[in-house]
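Notes for the one structure printed next.
FYI, the numbering just counts along the sequence from 1.
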Amino acid sequence: MTVEVSTGVIRSYHAHIYFRDGSEREHALQLREWIDQRFSVQLGRVHEVTVGPHTAPMYQVAFAPEVFHDFVAWLMLNHATLSVLIHPNTGRARDDHLDHALWLGEHLPVRAEVLSNDPARDVISPVVPNTAGS
Ligand code: ZN
């Protein structure tokens, strides 16, 4: 049976912007600059190697539910060939990354084995915008 989940459990979102070669990296960094200038979000540092459940280099953008429409709509129009994983943060990291995720571009593999649905293991920090557009 399907159980309804209220959107009230969403404390924030992440967008993970992946790059797999030099030209994707260049576009990802251009996008990062634009995001910095235009949106009130928390930009994470660029990971040049894979980390956690992610299977390609990437950077993370954390954002509040209030920013979802403007930011995700903009990403839809500007991600070009980049793969982007957008997931809610509800305290159930495994479900958030696998079942509740939204992808732009190619859907990349996610390492499910490092993710847990135990809220005690999923510390969700409040979004602290650090962008010029804040
Ligand atoms: Zn994330």
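Among pairs with a residue in residues 39-61, those fulfilling salt bridge (charged side-chain N to carboxylate O under 4.0 Å, His left out) read Arg25-Glu48, at least two apart in sequence or across chains. Evaluation of the salt bridge (charged side-chain N to carboxylate O under 4.0 Å, His left out) test over residues 81-91, restricted to residues two or more places apart or in two chains, returns none. Among pairs with a residue in residues 113-133, those fulfilling salt bridge (charged side-chain N to carboxylate O under 4.0 Å, His left out) read Arg111-Glu113, at least two apart in sequence or across chains. Every pair tested for salt bridge (charged side-chain N to carboxylate O under 4.0 Å, His left out) that includes a residue from residues 123-134 fails, sequence neighbours excluded, so the list is empty.
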### Task
Test Ile17 against Arg32 for side chain to side chain contact (heavy atoms under 4.5 Å, CB included), laying out the working first.
CA-CA 9 Å; Ile17 298 172; Arg32 195 169 187 280; over 6 Å; no

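A continuous path of Ile, Leu, Val, Met, Phe, Trp and Tyr side chains, each step under 4.5 Å between heavy atoms, connects Val72 with Tyr13, placing both in one hydrophobic cluster. Residue Phe68 is grouped with residue Phe39 when hydrophobic side chains (ILVMFWY) are merged at heavy-atom distances under 4.5 angstrom, including chains of intermediate members. Taken together through direct or relayed side-chain contacts under 4.5 Å among Ile, Leu, Val, Met, Phe, Trp and Tyr, Met76 and Leu108 form parts of separate hydrophobic clusters. Placement of Leu102 and Met58 in two distinct hydrophobic clusters is found when ILVMFWY residues are connected by side-chain heavy-atom separations under 4.5 Å, directly or transitively. No continuous path of hydrophobic side-chain contacts links Ile10 to Ile124 [ILVMFWY only; heavy atoms under 4.5 Å].
For the pair Val61 and Thr131, the minimum side-chain heavy-atom distance is 4.5 Å or more.
The ring pair (Phe, Tyr, Trp, His ring centres under 6.0 Å) search around Phe19 returns none, not counting sequence neighbours. Residues meeting the side-chain hydrogen bond (donor to acceptor under 3.5 Å, both in side chains) test with Gln42, sequence neighbours left out: none. Qualifying side-chain hydrogen bond (donor to acceptor under 3.5 Å, both in side chains) partners for His107, counting only residues two or more places apart in sequence or in other chains: Trp103. With sequence neighbours excluded, the residues satisfying side-chain contact (heavy atoms from CB on, under 4.5 Å) with Ala112 are Arg94, Leu98. With sequence neighbours excluded, the residues forming a side-chain contact (heavy atoms from CB on, under 4.5 Å) with Pro129 are Ser40, Val127, Ser134, listed by chain and number. Scanning for side-chain contact (heavy atoms from CB on, under 4.5 Å) contacts around Glu66 gives Ala64, with sequence neighbours left out.
Put simply, the side chain of Glu24 gets close to the backbone of Arg20: a donor and an acceptor are under 3.5 Å apart.
Minimum heavy-atom separation, Pro109 to Thr55: O-OG1, 2.7 Å. Between Thr50 and Ala56, the shortest heavy-atom distance links the atoms CG2-N, 3.5 Å.
By the 4.5 Å side-chain criterion applied to Ile, Leu, Val, Met, Phe, Trp and Tyr, Val49 is assigned to no cluster and stands alone.
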For residues 77-93, tabulate all N or O donor-acceptor pairs below 3.5 Å that involve a side-chain atom, not counting sequence neighbours.
{"residue": "Asn78", "atom": "ND2", "partner": "Trp74", "partner atom": "O", "Å": "2.9"}
{"residue": "His79", "atom": "ND1", "partner": "Leu82", "partner atom": "O", "Å": "2.8"}
{"residue": "Ser83", "atom": "OG", "partner": "Glu106", "partner atom": "N", "Å": "3.4"}
{"residue": "Ser83", "atom": "OG", "partner": "Glu106", "partner atom": "O", "Å": "2.6"}
{"residue": "His87", "atom": "NE2", "partner": "His14", "partner atom": "ND1", "Å": "3.3"}
{"residue": "His87", "atom": "NE2", "partner": "His16", "partner atom": "NE2", "Å": "3.2"}
{"residue": "His87", "atom": "NE2", "partner": "His97", "partner atom": "NE2", "Å": "3.2"}
{"residue": "Asn89", "atom": "ND2", "partner": "Ser12", "partner atom": "OG", "Å": "3.0"}
{"residue": "Asn89", "atom": "ND2", "partner": "His14", "partner atom": "NE2", "Å": "3.4"}
{"residue": "Thr90", "atom": "OG1", "partner": "Arg92", "partner atom": "N", "Å": "3.3"}
{"residue": "Thr90", "atom": "OG1", "partner": "Asp96", "partner atom": "OD1", "Å": "2.9"}
{"residue": "Thr90", "atom": "OG1", "partner": "Asp96", "partner atom": "OD2", "Å": "3.2"}
{"residue": "Arg92", "atom": "NE", "partner": "Asp95", "partner atom": "OD2", "Å": "3.0"}
{"residue": "Arg92", "atom": "NH2", "partner": "Asp95", "partner atom": "OD2", "Å": "3.1"}

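If you check the side chains of Tyr59 and His47, you find no donor sitting under 3.5 Å from an acceptor.
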